[in-house]
Each structure stands twice: as C-alpha cells, then as structure tokens.
Amino acid sequence: MKAVLQRVTHATVTIDGKISGEIGTGFLVLLGVAPEDTEKEALYLAQKCVGLRVFEDENEKMNLALADVGGKLLVVSQFTLYADCRKGKRPNFTKAAKGEQANALYEYFVSCCRGLGVETQTGEFGADMKVELLNDGPVTILLDTDELMRKK
C-alpha cells in the first residue's frame with residue numbers, strides 16, 4: 001500500500017461540481033492499493049499517517065501530530081501511485097489492485113483512521129475527482145508499506 005501525504009492548510013475533492021470532502025488543517029492522503037495488500041497494511045498505514053509528527057510546535061519544529069493540532073484527513077483513492085513507467089511512454093497499472101479489493105481496503109483504511117479518532121473525509125472510489133489543496137510547507141511525504149514493514 002502506498003500513500004502520498006501532503007500537509008495542508010485546506011483541501012477539497014469535488015465530483016461532478018459537488019464537494020465530496022473538505023478539510024482545513026491536516027493531511028491530504030492519496031492512497032494506492034496493491035494486489036498483495038491486506039487489512040494489516042491498511043491498519044499499519046493508518047496508524048502511521050495519524051501519528052506522524054510533521055506539524056510545527058511553538059519552536060517551529062516538526063514535532064506535532066494530527067491530534068495535537070486538531071487536524072483532519074482527506075483520503076482520495078489513487079491507483080496511479082502504482083504506475084509502472086519503465087517501458088514506453090504509456091504507464092502500465094497492472095501493479096495496482098483491482099477495483100473490488102482496492103475499494104475494500106480503501107474503505108478499511110478510512111475506517112481505521114476514523115477509529116483512531118481523526119475526522120476523515122473522502123472522495124469517491126473510482127470517480128473522476130478534482131482535488132484542490134494548499135500544501136503547507138510544502139510538506140509531502142511518501143509512505144510505502146513494502147518499505148515500512150520490511151523485516152530487517
């Protein structure tokens with residue numbers, strides 16, 4: 001499972017001209033699912049996102065987590081995180097999970113985030129979405145459970 005985490009001052013996702021999800025301070029999370037991913041990866045990644053300390057404290061150090069700043073999450077499904085661009089000019093997306101599995105794990109990730117006490121807004125799985133954000137910092141962090149959970 002992969003996530004692109006962007007620290008934002010605000011973010012919205014719009015579908016067919018209607019706002020589907022909107023947050024102020026927090027993280028915009030673009031979430032991609034691979035075929036081998038399970039609920040274990042989803043829970044781990046949710047815990048990582050919620051606990052990541054990248055908001056500034058009173059000394060301007062990145063030392064605070066979402067809960068410390070009253071932050072929220074906006075989670076958007078993003079199968080293109082698994083684009084394979086090694087050959088030719090057209091990306092191959094065979095490394096992304098198929099719809100039913102990907103949607104189930106996307107929904108589970110969202111429920112985990114909510115279960116961890118963070119208000120979580122979403123887009124709509126599989127929809128054509130327009131995402132707007134103001135990246136704060138800018139702070140953008142790539143998280144990949146294949147790397148994070150690898151046994152040493």
Check this for me: K2, atom NZ, are more than 12 non-hydrogen atoms of other residues, nucleotides or ligands nearer than 6.0 Å?
yes
Sequence neighbours left out, cut at 3.5 Å: what donor-acceptor pairs do the side chains of residues 132-140 make with other protein atoms?
residue : atom : partner : partner atom : Å
N135    : OD1  : V139    : N            : 2.9
N135    : ND2  : T140    : OG1          : 3.0
D136    : OD2  : R7      : NE           : 3.4

Report all side-chain donor-acceptor pairs from residues 97-104 shorter than 3.5 Å, counting only partners two or more places apart or in another chain.
residue : atom : partner : partner atom : Å
Q101    : NE2  : P35     : O            : 2.7
Q101    : NE2  : D37     : O            : 3.3

Compare all side-chain heavy atoms of [X] with those of [Y] and state whether any distance is below 4.5 angstrom.
X    : Y   : answer
F109 : V29 : yes
D84  : T94 : no
V8   : I23 : yes

Check [X] against [Y] and note the closest heavy-atom contact, atom names and distance.
X   : Y    : result
L30 : Q78  : CD2-OE1, 3.8 Å
M1  : L31  : CG-CD1, 3.8 Å
L64 : E56  : CD1-O, 3.2 Å
I19 : T14  : CG1-OG1, 4.0 Å
V13 : G123 : CG1-CA, 3.7 Å

Taking only residues two or more places apart in sequence or in another chain, which ones pass ring pair (Phe, Tyr, Trp, His ring centres under 6.0 Å) with F55?
F27
Mind checking what makes ring pair (Phe, Tyr, Trp, His ring centres under 6.0 Å) contact with F79, not counting sequence neighbours?
F93
Evaluation steps, side chain to side chain contact (heavy atoms under 4.5 Å, CB included), between L148 and R150
CA-CA 6 Å; L148 294 168; R150 184 179 304 144; over 6 Å; no
Pair L143, T145 - check side chain to side chain contact (heavy atoms under 4.5 Å, CB included), show working.
CA-CA 7 Å; L143 300 172; T145 56; over 6 Å; no
Considering residues at least two apart in sequence or located in another chain, which fulfil the side chain to side chain donor-acceptor pair (under 3.5 Å) criterion with [X]?
X    : result
R53  : N63
D68  : none
S111 : none

In chain order, what residues pass the salt bridge (Lys or Arg N to Asp or Glu O under 4.0 Å) check against R90, with sequence neighbours excluded?
none
Can you sort out the partners of K130 under salt bridge (Lys or Arg N to Asp or Glu O under 4.0 Å), two or more places apart, ordered by chain and number?
D128
Euclidean distance, I15 CD1 relative to S20 OG, rounded to 0.5 Å:
4.0 Å
Distance, nearest 0.5 Å, that separates OG1 of T12 from CG of L74:
7.5 Å
Would you kindly confirm whether [X] and [Y] end up in one hydrophobic cluster when ILVMFWY residues are joined by side chain heavy atoms under 4.5 Å apart?
X    : Y    : value
L142 : L81  : yes
F125 : V110 : yes
M129 : L28  : yes
M149 : Y82  : no

Extract all donor-acceptor atom pairs below 3.5 Å that involve side chains of residues 115-122 and protein atoms in other chains or at least two apart in sequence.
residue : atom : partner : partner atom : Å
E119    : OE2  : Q121    : NE2          : 3.3
T120    : OG1  : V118    : O            : 2.9

Looking only at atom types and distance, does a side-chain atom of Y106 sit under 3.5 Å from a main-chain N or O of V75, one as donor and one as acceptor?
yes
Side chain N59, main chain K61, donor-acceptor under 3.5 Å
no
Mind checking what makes side chain to side chain contact (heavy atoms under 4.5 Å, CB included) contact with D16, not counting sequence neighbours?
none
Donor-acceptor contacts, no H, no angles, side chain residues 41-52, under 3.5 Å, sequence neighbours left out:
residue : atom : partner : partner atom : Å
E41     : OE1  : T38     : N            : 2.7
E41     : OE1  : T38     : OG1          : 2.5

